[in-house]
J.: 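The structure's right below; bear with me while I get my questions together.
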Amino acid sequence: MKYINVAINLPVKNLFKQFTYAVPPQLDHVDVGWRVVVPFGYQTVEGFVTSLAAAAPAEYECKEILATLDTRPWFDAEMLATANWLSEYYLCSPAEAMRLFIPGKTSIKRQAVYNDEGKLIAYDYENKLKIKTRICFVVTKAGREALVAYNKRLRAQMHALEVLAEAERPLSGEELASVQVSAATLRILCEKGWSERSEQRVLRNSYANRTELKESLHLTDEQRQAVEAIGSAITEPHQETFLLQGITGSGKTEVYLRAAAQAMEAGKQVLLLVPEIALTAQIVKRFQAWFGDEVAVAHSKLSQNERADVWYKMRTNSAKLLIGVRSAVFAPFSDLGLIIIDEEHESSYKQDERPNYHARTVALKRAQLSGIPVVLGSATPDLESFYKARQGTYTHLRLLQRANGSMLPHVEIADMRLELQRGNKSVLSAALNDALLQTAVQGEQAIVLLNRRGFSTFVMCRDCGESIVCPHCAVALVYHSAGEAMRCHYCGNTAPIPDECPNCHSRRIRFFGTGTQKAEAEIAELPEIRILRMDQDSTVKKFAHEDILKSFSSGEYNVLLGTQMVAKGHDIPNVTLVGILSADSTLNLPDFRASERTFALLTQAAGRAGRGDRAGHVVLQTYDPDNPVIKLAATQDYDAFAASELEIRQELGYPPYTEILKITVLDKEEVRGSSLAQRIVNFLQTLQLEHPEQELLVLGPFPAIVAKVRDLYRMNILVKCPQMELVKRALWNSEFKECRNVFFDVDPVSVV
DNA sequence: AGCACGCCGACT
DNA sequence: GTCGGCGTGCTC
């Protein structure tokens with residue numbers, strides 16, 4: 001009997017343990033990397049075979065596995081190694097890491113098998129993912145011979161054989177009917193043995209028929225050099241990471257296309273990661289125009305079945321290029337040759353729930369294991385990537401010129417303090433007001449960016465100054481005019497607007513802040529303005545995003561107002577003005593990345609202006625015009641910003657000069673939570689004393705900025721260390737690893 | 001995740 | 001006296 005160790009795929013955090021099962025003789029082919037169905041306690045669950053066990057364990061009698069889920073192992077050696085590394089790096093269980101590679105949460109389905117008398121005799125376990133198939137026809141050897149012999153009297157049959165012989169793939173009845181081959185003829189062909197039926201898997205593709213014409217621009221010198229550099233790592237495959245730093249409009253996509261084409265010509269597959277698929281419809285279209293059906297797309301709005309189809313295409317090499325969001329980094333490839341990460345600085349590459357992986361980190365690991373190049377593209381690289389490029393760890397490729405020779409926009413700073421002094425209480429400065437009017441008169445378009453943070457409307461009592469907070473979370477409720485209710489942005493609870501203050505019973509309650517709706521109303525009042533709003537509420541549908549951008553670029557509207565998403569990834573030539581309502585609303589968050597994020601957002605937004613033949617104009621409204629980040633964003637000088645910000649990071653001990661780990665303890669009892677947090681801190685301080693050479697720093701515990709969410713108190717601990725391995729290993733071997741209410745966020749995006 | 005085991009409050 | 005609350009622990 002063969003014995004295997006299995007990681008159980010249950011959505012629990014603290015199941016680090018593996019379990020040994022026996023393999024019955026009929027399933028003897030099962031090996032490491034297979035997905036199996038196993039009895040586990042009172043249930044039947046999916047498991048991953050992680051290793052072979054030498055012998056039957058002595059202490060207990062182990063159960064037998066019930067079935068396999070696939071006809072081949074799901075994990076190859078590289079995927080297993082990546083999963084293994086991931087669980088150690090991100091401090092999660094092996095099963096949690098391996099689950100990321102599966103399209104969907106679990107894939108098993110139990111089917112009851114009955115005998116003739118209707119009695120239950122067994123259960124059949126199968127893959128719950130439905131494989132859509134259809135009957136197709138192929139020509140047989142005998143059929144080809146019959147075609148050569150050609151019998152003139154069998155006109156329809158000869159025609160059918162011709163069609164089948166010419167097609168390089170099996171054809172469906174439907175396809176054959178469209179070229180005048182009837183079902184009757186096909187039946188005869190099959191009876192004669194000239195043709196055979198074969199069942200073909202049908203792959204669902206919601207992006208079919210959305211292609212546009214291939215356009216090929218000629219490359220600038222900079223672009224050509226970048227393509228050549230990347231090409232050399234493809235033709236002589238080795239791991240090399242390129243930071244492609246190109247200003248907005250410098251044509252990074254053109255470089256991606258050529259690099260992808262080179263890899264595909266060499267017979268390799270390509271993975272292109274994008275921050276959010278909805279914002280990148282343009283990039284998908286351009287790649288489809290070049291590569292047609294070779295392109296597969298994966299994002300969170302695909303159904304589990306669609307996703308499984310995409311995975312299947314990549315694994316069987318029937319698609320060569322995968323464009324996808326964060327989770328696509330876990331796709332199975334048959335022969336991956338290049339990974340491209342667009343807008344690599346975007347925080348959406350970091351998963352904000354456990355395991356809190358970063359797609360870029362995972363991609364680099366997979367590339368290292370496969371020995372293939374990675375291209376990181378951005379106008380405003382993550383400071384960590386920029387630092388590595390400057391150190392020479394990454395190859396630095398720069399695009400300093402706009403591809404079509406257009407000018408960078410002119411940025412004007414509007415001091416909102418002066419506006420207030422002058423009695424302007426509108427959300428629009430005089431400068432932005434005038435610029436909007438002028439844009440409308442000239443028949444041009446404008447984008448207005450509103451950072452939701454700092455703009456949401458909260459409800460406050462005028463007498464006692466208390467704002468109305470969520471009863472379950474430590475945050476203010478936000479007023480939504482739709483439905484006349486207040487909603488908590490953390491737990492989603494809604495509450496009606498009270499008549500009187502719950503604190504002092506005053507009836508003098510009023511609304512503060514400026515929401516999207518208020519800004520929209522104010523701008524809409526201007527003459528000649530036809531405004532369109534884009535935010536989370538207006539983009540729930542699969543292609544709603546694209547539709548909004550389409551109707552905006554058609555000229556139906558001349559102002560597009562929205563949150564961060566209006567700032568990214570689209571190119572509308574008639575946009576000459578970009579207004580930023582509050583440049584500093586993200587700047588003052590208590591987070592070490594606030595400056596970096598603000599700079600990137602302002603640069604991206606400004607880059608939307610003047611991408612056609614007309615010069616762009618940006619109005620940047622701020623209450624803090626002397627802030628160095630705002631000033632540098634106005635000149636769009638990334639290098640100067642990076643230099644000053646890196647200095648600050650070094651001084652304060654933040655990445656890229658140190659690694660950080662955030663540990664969060666959740667408990668509905670505040671005291672119990674803080675005492676557990678304190679125990680973790682004590683544990684780390686002991687480690688600190690034992691290893692003074694590690695330069696380990698432990699901060700906290702302190703309550704999170706949002707100290708309570710859904711009635712759970714949150715305590716944070718921050719660990720800083722230039723090399724985190726030792727700390728991670730210590731935690732891995734500690735009791736805290738399996739605590740249900742302790743969460744590790746390795747390389748957190750935010751420390752609050 | 002399920003499910004059992006186990007130890008404290010309000011009820012037929 | 002017991003029904004049931006959910007805290008804790010186990011599943012090869």
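Chain letters run A, B, ... following the sequence lines, proteins first and then strands; every chain starts at 1. The analysis underlying the following values was restricted to heavy atoms, covering all of them including side chains, and did not include hydrogens, waters or symmetry mates.
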J.: Let me see the working for A:K728 and A:E88 under side-chain contact (heavy atoms from CB on, under 4.5 Å), right down to the final yes or no.
T.: CA-CA 8 Å; A:K728 285 181 190 166; A:E88 283 170 17; over 6 Å; no
J.: Taking heavy atoms of chain A and a 4.0 Å limit, find me the 5'-most and 3'-most nucleotide of DNA chain B within that range.
T.: B:dA1 to B:dA4
J.: Are A:R307 and A:S327 close enough that a side-chain donor and a side-chain acceptor fall under 3.5 Å?
T.: yes
J.: If I take atom CG in residue A:L712 and atom C1' in nucleotide C:dG7, what distance separates them, rounded to the nearest angstrom?
T.: 15 Å
J.: List the steps and the verdict of side-chain contact (heavy atoms from CB on, under 4.5 Å) for A:V49 and A:F75.
T.: CA-CA 9 Å; A:V49 183; A:F75 296 88; over 6 Å; no
J.: Tell me the interatomic distance from A:K2, atom NZ, to C:dC12, atom C1', rounded to whole angstroms.
T.: 18 Å
J.: Is the closest side-chain donor-acceptor distance between A:T82 and A:E78 under 3.5 Å?
T.: yes
J.: Contacts to DNA chain C from residues 671-681 of chain A, heavy-atom cutoff under 4.0 Å, which residues?
T.: none
J.: Could you tell me whether the side chain of A:Y60 has a donor or acceptor atom within less than 3.5 Å of a complementary atom in the base of C:dC12?
T.: yes
J.: CD of A:Q26: more than 12 outside heavy atoms within 6.0 angstrom?
T.: yes
J.: Tell me whether the centres of the aromatic rings in A:W732 and A:F16 are closer together than 6.0 Å.
T.: yes
J.: Would you say A:T50 and A:N5 are linked by a side-chain donor-acceptor pair, where the criterion is simply a distance under 3.5 Å?
T.: no
J.: With the criterion being N/O to N/O and under 3.5 Å, what pairs connect the protein with nucleotides 9-11 of chain C, and how long is each?
T.:
unit_1, atom_1, unit_2, atom_2, d
C:dG9, N7, A:R740, NH2, 3.2
C:dC10, N4, A:R740, NH2, 3.3
C:dT11, O3', A:G41, N, 3.2

J.: Are any of A:K668's side-chain N or O atoms less than 4.0 Å away from OP1 or OP2 of C:dG7?
T.: yes
J.: Check whether A:W74 forms a cation-pi arrangement with A:R315 (NZ or CZ under 6.0 Å from the six-membered ring centre, at most 45° off the ring normal).
T.: yes
